[in-house]
Amino acid sequence: MAALAHLRRGFVQIAFVVLGIAIINFFLLRLAPGDAAQVMAGEAGSATPEYMAALRRQFGLDQPLHVQFFSYLKNVLTLNLGYSFRQGLPVSELIAHRVGPTLLLMGASIGFAITVGGTLGFLAARHAGKAADTIISILALLFYATPVFWVGVMLVVVFSVALDWLPVGGMITIEAGHTGLAYAWDVAQHLVLPTLTLGLFYLAIYTRLMRASMLEVYGQDFVRTARAKGVRAHRIAVRHVLRNALLPIVTTLGVQLGSVLGGAILVETVFSWPGLGRLAFEALFQRDLNLLLGILFCSSIVVVLINLAVDVIYTLLDPRISLGGTP
Amino acid sequence: MTTVRLSRRAFLAGTSAATLLGATGALPAFAQPAETPKRGGTLTAIIQPEPVTLTPATNTAQPTQVIAGNIFDGLVYYDFDLTPRPSLAERWEVASDGLTITFHLRKGVTWHDGKPFTAADVKWTLENVWKTVHPRNRALFENVAETQTPDEHTVILKLSRPSLPILSVINAVGGPILPRHLYEGTDLLNNPYNNKPVGTGPFVFKEWKKGEYILLERNPNYWDPGKPYLDKIVFRVITDAAARAAAIEKGEVLYAPFNPVPFRDVERLAKLPNLKVETRGYEWLSPVLYLDLNVENTHLKDVRVRRAIAHALDREAIAKVVWFGYGKPAISPVPSTLASFFDDSVPRYAFDPRKAEALLDEAGFKRGADGTRFTLTHDPLPYGDDYRRTGEYLKQALKRVGIEVNLRAQDSAAFIKRVYVDRDFDISSSYNAAFPDPQIGVVREFWSGWLGTGTPWTNGSGYRNARVDEIIQSAAIAGDPAQRVKLFKEFQQIAVSDVPTLPLLELKFFTVHAAHLKGAVAQGDQVYAGLKNAWIDDGPRQN
């Protein structure tokens, strides 16, 4: 019951937190010098004051700030994300277009990282101090320290340009017009390199985390007890150590999932992946505040929801933790 | 001015470039059989950055125009020597007093939705787009007092005062004609057809997947028989320069205009047998790289300091080292490509650091104990490495004559606000497109009327000169071409002598395209024109 009350309280808090974030964002973004009309007039190369005035009118930038703020507030409260005048589409539609590719890329790379990275970390911890541990640790360090965009470009140079196994970028082969299974296969081919690029970075994190966290648990009394009782090493590793070592992994996973909507700007840029990160990044440079506020708003909702979910998962993994506070 | 009608074939036959020969529909007797254009195929091209809209009437940004040139036609197009050639207008006459311009329109042209294209479309667009919101055309068309359409295929412009630069901007993107039946009575800036345009051009808009691609298909009813040759064009949005280079090298992309890759890569790509690097096709733009010297700055307000800076810079070195040869030293704000207006007798600022030092001493700015005379801040145009490197060169060169330069970086919105609104800078760099007439692109930098309006890429230096203002205003409404040339030569003498804006290079933009893509560069406004002459040569075929 305490758990349900906690969840209910959580949702009320979420509503206020998200509203607060939205309000802060609105004013924070207006601190950036220049506005969308100046950016567009700048791109046009040959603007006139009349043209800029027309743009400002179109964007609603000619309204006083408090009018803009109240119309934004009204939009937020009615869950209307507004309209991106620059893109000529409603913000919700723009986000909806990009959310699929983003989830696909992030899901694939985090999935790859957590399975492979977790396994490597597990192996390293089991063979701590031996050759396998050294090799895995060095690899993890290498992946962790290499800039993501460099890995991306190198993978493209080797696997796309030199070997010609995989496409250079994008999400589909546009001119082919695939459907059904052929389409899925096409997307999968385009997905390989960006997933690897992003996944290798995350993989390094999970490997190191899993190894460190397992070694810590290995040092605890209940593991020694289990050993003294004669439980087999493999069973100790899986039943006693791994399960207890999962908490930090879940925490990290939560943090990473929270940034899912932000996407991975560098990887999306290198591979021309039509994700949300690039959309937000470009919106910032273009001072497309409606779009940027919309993306930030959605991201903040995702972050708080995932935090709540992480709390729940803790209780499942470790019965000593409860949602209602002190037991 | 009366124009002799010259068919494209006659023009092309007179040129020697093989790629151009490939562009002619019918085969000239002396051409190689291998150069017969072939129908069919999909062209994959790069568009970068992604456009905001696809209609050049409300936005004159580069990517919009690259795509729109395929969907729309102009009344004319421009040759490599910037002469207007017939497109939707088969011929035109300008009365000797410059107050009447008559266009005779091509018959049998239809919009992509099947409706006929008529003089009413031209009249409506001129009155409701070119004279109102179009960023570049407003000033040029404001003296058009009346537009007459005596029949469906004749448009007569009656001007209150002459405006000869009109004839330099009426190609597909400079003077795009919108379908009146889809626009009349609507809110122009929010019309949904801005993003799914209906034109008369060689390619029909099909699909725009934001963040990914824009797809165009062949217009089967195009008025130019047999053209276009390509079935489809896919413009892919490829955001990363290294990825663009990889896609071009691999052959996934066949056509990439506007410096798609860094100069380092283009040197390498130019050596590959399957690629061609082409600097023609940008003549209509004629871009010039320049520095704005803020004349309100305590040091820069002294013309001797500005001249000293001009003498301290080695433009040959900037062209060769910083711009990898993709530029030639500029001596006047009017580039040499505008041959009739260009004045090569303007004062020259030879590379001469000693003279620069002497001028600075004379101005009273002696070297201090640390060897520094004074410090300036430089804001390079935030359009990438080339401008930052130009700034680094400036820093080095000015240090040599005792001026310390600090470089500052920001994004383009902040740059525009800093330079054109807040005027909180010392030296900024930028480039402008001159277009075939100095009235359109060049005088923006010098006319004092722009000051205080906060309009990007106008008078950045803060220069005010009554005679220059007078020249600019008289040239705008002079009806005699010779008189305008004279005025613009006087303008160049003053502008170069006062040097509020220091021209550095006439930039050479480049296009990278596959060697087997033929006819991709066929005219002086090619980068903003349709690829109707382009065809894919997929191997020798015996005919």
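Chain letters run A, B, ... following the sequence lines, proteins first, then strands; residues in each count from 1. No hydrogens, no waters, no symmetry mates; every other heavy atom, side chains included, goes into these values.
Between chain A and the options B:Lys210, B:Lys209, B:Glu212, B:Glu249, the largest number of non-hydrogen pairs under 4.5 Å is found for B:Lys210. Between chain A and the options B:Ala246, B:Ser412, B:Ala433, B:Ala242, the largest number of non-hydrogen pairs under 4.5 Å is found for B:Ala246. Between chain A and the options B:Asp187, B:Thr58, B:Asn432, B:Thr53, the largest number of non-hydrogen pairs under 4.5 Å is found for B:Thr58. Ranked by non-hydrogen atom pairs under 4.5 Å with chain A, the options B:Asn190, B:Thr453, B:Thr64, B:Thr42 are led by B:Asn190. By number of non-hydrogen pairs under 4.5 angstrom with chain A, the leading residue of B:Thr458, B:Thr132, B:Asp411, B:Leu188 is B:Asp411.
Only the side chain of A:Val156 comes within less than 4.5 Å of a heavy atom in chain B; its backbone stays farther off. For a residue to count as touching a neighbouring chain, one of its non-hydrogen atoms must lie under 4.5 Å from one of that chain's; by this rule A:Arg57 does not touch chain B. Neither the backbone nor the side chain of A:Pro101 has a heavy atom closer than 4.5 Å to any heavy atom of chain B. Heavy-atom distances place the side chain of A:Glu282, and not its backbone, under 4.5 Å from chain B. Contacts of A:Gln38 with chain B are made by both backbone and side-chain atoms, with heavy-atom separations under 4.5 Å.
Taking the centre and axis of the six-membered ring of A:Phe26, the NZ or CZ atom of A:Arg30 falls inside the cone set by 45° and 6.0 Å.
Distance check: B:Leu289 CG to B:Tyr431 OH gives 10.5 Å after rounding to the nearest 0.5 Å. The OG atom of A:Ser109 sits 11.5 Å away from atom CZ of A:Phe201, with the distance rounded to the nearest 0.5 Å.
Ring geometry for B:Tyr383 versus B:Tyr387: interplanar angle over 60°, hence perpendicular rather than tilted (30 to 60°). Ring geometry for B:Trp130 versus B:Phe141: interplanar angle of 30 to 60°, hence tilted. Aromatic ring pairs are classed by plane angle as parallel below 30°, tilted from 30° to 60° and perpendicular above 60°; the pair B:Trp457 and B:Tyr420 is perpendicular.
Side-chain contact between A:Ile110 and A:Tyr202 is present, with at least one heavy-atom pair separated by less than 4.5 Å.
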